[in-house]
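These values consider heavy atoms only, across backbone and side chains, with no hydrogens, waters or symmetry-generated copies.
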Amino acid sequence: MDPTQGFVTEFAGFVDDLTTPEKRNIVALTEIAREAMHNQPQAVPGLAQVIINRVLHADQPLKLPALYLLDSISKLVGEPYKTYFSAALPEVFAVAWRGGETARPALQKLLGTWRGVFPDHVLAMAQAEMQYQDHMQYHGPQGAQTAPHYPAWAAPQQYQGAHGAAQYAAPLPAAAAPQYPPVTQPRYSHQPAPAAQHQHYAAPAPLVPRYKTPPPGMCHPTPRPGSGPTVPLPDLLSSLLAAGVLGGAKAAGGDASHAVHRLLARTAETKSAFLDVQFLRRARRGGGALRASRLWYVDLDVWLASAAGAGQGAAAGEGQPPQRGDRQPDARVASAAAQQRHSVPVDEDQPACALSGEAFEQVWDEEHQEWRYEGAVRLTGDQALRYGLSPGAIVLFSALGEDGLDGPAEALPATAAPGAAAKKEDGDEGQLRAKEEGQGSGTKREKPTSTDSPPPDIKRIKLEG
Amino acid sequence: MQSYVNVHDVLEARRQQALTEQRRGPTTVIVGPTDAGKSTLCKILINYAIRCRWTPALVDLDIGQGSITVPGCIAATSVEAPIDVEEGFPVDAPLVYYAGTVAGGENMALYQHLVERVADALERRAGTDAKVAASGMMVNTMGWIEGDGYSLLRHTIASLAADVVLVVGSDRLHSQLSSDLATSSPAISVVKLAKSGGVVTRTRELRQEARKVRVEEYFYGPTRSLAPASQTLKLEGVEVYRVGGGPKAPPSALPIGATSVADPLKLARVTNPQELLYTVLGVSHAPTPDLLLSASVAGFVYVQDVDLAKGSMSVLAPRPGPLPGSLLLAGNFKVYLD
């Protein structure tokens, strides 16, 4: 016996001793498996097979500890064991699931922890197997669709235990005939075929066949009273698979999970953009000192215009934030865009235009991630001097007139300073209003273009207060 | 849930197809009894669509328990971002028509008229942009599915030109609709879905409470972060109209065989402002009274007090400033805000 074989046999002995799901033993065996991977890599397939066989063939109460060992090795050691396990996993799981009600909660839990450990399609198959079993259980066996109590891969000695050994020989190679009961006592029908059986029954051939030969796919085991599990028929499972009964369940499960996968894949693409939008929306809300108010709803024309914009935004695939509030008709958008070119960060010391005294409108700027005065410019030294202001003063671009930043030839010292001082108070309130509007809408509806706008604003503020 | 994902998968395929063929996307009407999870299903499917970069329209025809704005309304809105768990539907720019009643059966003609208005608006919306058109729409309906409620459903399905009807939690409605629609419009797929897990049946009181909450949410926001404003309106400055011409005489009070012939769409000026106390008034976009039924509303005000001596009433408005219109639509249900 070569050393690898010896090691595997020894390991099998340990696994056979594993009769309770005791953590210490499982951890110890896991460590043995881990070391074997390094010291005796050629033994790895053998070890994996030992565990798989144990789950498949052990008595019901002993399956679970072995399954836990499989779970432990898969998670703690991982490859290459995982590869060997995943090939057999649906079968292993199905056998364990069929074993009895008591272990099912534990199995379900175990299956839940395997997501990410084993490939999804393997888990889906295990799941389908499980659902199929449940289905059979609740809907009862129905003729040909009865699942065999033991699957094709179960070892022959299992059958022996169930039916009394006398009629059966000890475990035999698959082709050997005595797996089947004597012809004179047909206890069940079975599909004919494989050549081996024909040879076996060659002798009584001249007689009338003593056993019924059902048409393919229609073989039903005849239950014997009090005999417990139905007689296993290895070919039954394959005939079910061929008939699509088992495969059907898997296919249905697979289809649904495809729909889920498609959705998840799309979600993964768009999720971050939507999270950004949500973040910005919250930031915008947190940025305003005052509470916002709900806007009046738009009328049909504006609503239709907004729908068109929404489609284009989405069509471009941008993660652009939904525009809060009503969208502007084109002319307003254009004028707003013109003014947006001039904007400066909010300066709490200068709430109003140094030239006209108008309050600045604050808007949240997506690009700069800050509150900015809209349509305003900060004058540099020379520019400020031309208007008779101190450098750094913030003015409305519209207040600069047609001359723009280059300034008029003559300064306006007399009006500028007192104007600013007199309007300071209004400006404060106007600013709050501006803040509130900026928060509410994000886009600007309009900008006060003349100094007569403050009075209505003040009234509105007072109403609100 | 698995069936919901499958429904989405089919709708998604239809949207893709509609986009390539430059057609309208699927119009999905969700029907079912009350408390079957219609709005939940609606939210789920809308969110799935948004995740796939569509901008579907949400149409809420449930005038008793609408999820877009105050009760008593029919509303539509484009949804561009996933529906937030806390904040509900994004309701910044919906198109809202005010019926002023929370029972569809009270004025069926008005309900049908408003559904047609919304259908018309949606038709025009679909014409604005190919992507918007292909996104389709999701329509939530009333939970009233028997008798006249069923005919209202049929009217809704017809006027919105539905492609898919999802029946939630009612086998009878499903068989009724499938057999009726099979003859009249065989192109519509009628799909039966199980109730959402976790739905509970609400009592009448709970529904009333929910209406009050909806009104509060309109003014204060779902997280009470909005600031409404109390205002005093001069009675001569506004015109309040009621649809349907006031209370109808019950059939038992009429001569045998006679029926009430009042025009259900007749507009009548409210002469006694006292009856408006604690009701919700819709502020219409209509420029003239005769257009009141065809125009959407700009919002709502809640009447807190009526002072006949001074000729004024004090209302709660969503924001400070003058109302966007002076034509108001009266509602016939009372809400008692704190």
Side-chain angles (χ1 to χ4, degrees), chain A residues 253 255-260 262-264 266-271 273-274 277-278 281 285 290-300 302-317 320-327 433 436 440-441 456-457 459-465, chain B residues 2-3 5-6 8-10 12 48 50-55 57 69 76-82 84 90-96 121 124-133 135 218-221 225-231 283 285 295-299 317-324:
Chain A
D255 189 37
S257 65
H258 284 160
V260 173
R262 277 197 289 276
L263 180 60
L264 287 179
R266 294 301 301 270
T267 303
E269 292 167 19
T270 52
K271 191 176 178 190
F274 285 129
V277 170
Q278 192 184 38
R281 199 170 57 205
R285 191 173 309 146
L290 269 185
R291 292 202 298 171
S293 298
R294 190 179 291 282
L295 294 170
W296 293 108
Y297 295 150
V298 297
D299 61 15
L300 182 57
V302 180
W303 189 75
L304 289 174
S306 80
Q312 281 146 15
Q320 74 164 35
Q323 297 293 316
R324 289 176 64 92
D326 43 354
R327 282 161 192 265
R433 182 186 61 82
E436 168 227 304
S441 69
D457 292 340
K459 206 166 85 195
R460 286 163 75 176
I461 292 296
K462 281 182 180 152
L463 269 171
E464 189 180 21
Chain B
Q2 207 174 61
S3 52
V5 176
N6 284 335
H8 163 74
D9 210 46
V10 174
E12 174 70 16
Y48 285 171
I50 288 167
R51 288 195 202 179
C52 298
R53 291 209 176 123
W54 300 101
T55 50
T69 181
T77 185
S78 309
V79 191
E80 292 161 40
D84 195 274
V91 286
D92 293 315
L95 184 70
V96 180
R124 287 169 63 184
R125 174 182 181 271
T128 56
D129 187 288
K131 177 95 178 179
V132 165
S135 296
Y218 171 73
F219 289 107
Y220 294 99
S225 56
L226 299 181
S230 271
Q231 297 188 4
V283 183
H285 276 302
S296 63
V297 294
R319 60 186 294 116
L323 300 185

Tell me, please, which residues at least two apart from Arg266(A) pass salt bridge (Lys or Arg N to Asp or Glu O under 4.0 Å).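 Expected list: Glu269(A), Glu12(B).
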Among His285(B), Arg125(B), Arg124(B), which residue meets the side-chain contact (heavy atoms from CB on, under 4.5 Å) test with Leu300(A)?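 Among His285(B), Arg125(B), Arg124(B), the one meeting side-chain contact (heavy atoms from CB on, under 4.5 Å) with Leu300(A) is Arg124(B).
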Verify whether one side chain among Arg53(B) and Thr270(A) offers a donor that lies under 3.5 Å from an acceptor in the other.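 No, Thr270(A) and Arg53(B) have no side-chain donor paired with an acceptor closer than 3.5 Å.
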Which atoms of Val10(B) are under 4.5 Å from chain A, going by heavy atoms: the side chain, the backbone, both sets, or neither?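 The answer is neither part of Val10(B).
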Segment of Ala76(B) engaging chain A (4.5 angstrom heavy-atom cut-off):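 Both parts, backbone and side chain.
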Would you name the heavy atoms of Asp299(A) and Leu95(B) that are closest together and state the gap between them?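 Distance-wise, the nearest heavy atoms are C-CD1, 4.4 Å.
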Sequence neighbours left out, what passes ring pair (Phe, Tyr, Trp, His ring centres under 6.0 Å) with Tyr218(B)? Give chain and number order.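 Listed in chain order: Tyr297(A), Phe300(B).
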Which distance, rounded to the nearest 0.5 Å, do you find between the CG of Asn6(B) and the CG of Leu263(A)?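 Going from the CG atom of Asn6(B) to the CG atom of Leu263(A) covers 11.0 Å.
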Quick one: which of Pro318(B), Gly299(B), Ser3(B) has the most heavy-atom pairs under 4.5 Å with chain A, could you say?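 Result: the option with the highest number of such pairs is Pro318(B).
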Donor-acceptor contact below 3.5 Å, side chain Trp296(A) vs main chain Leu323(B):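 It does not hold such a pair.
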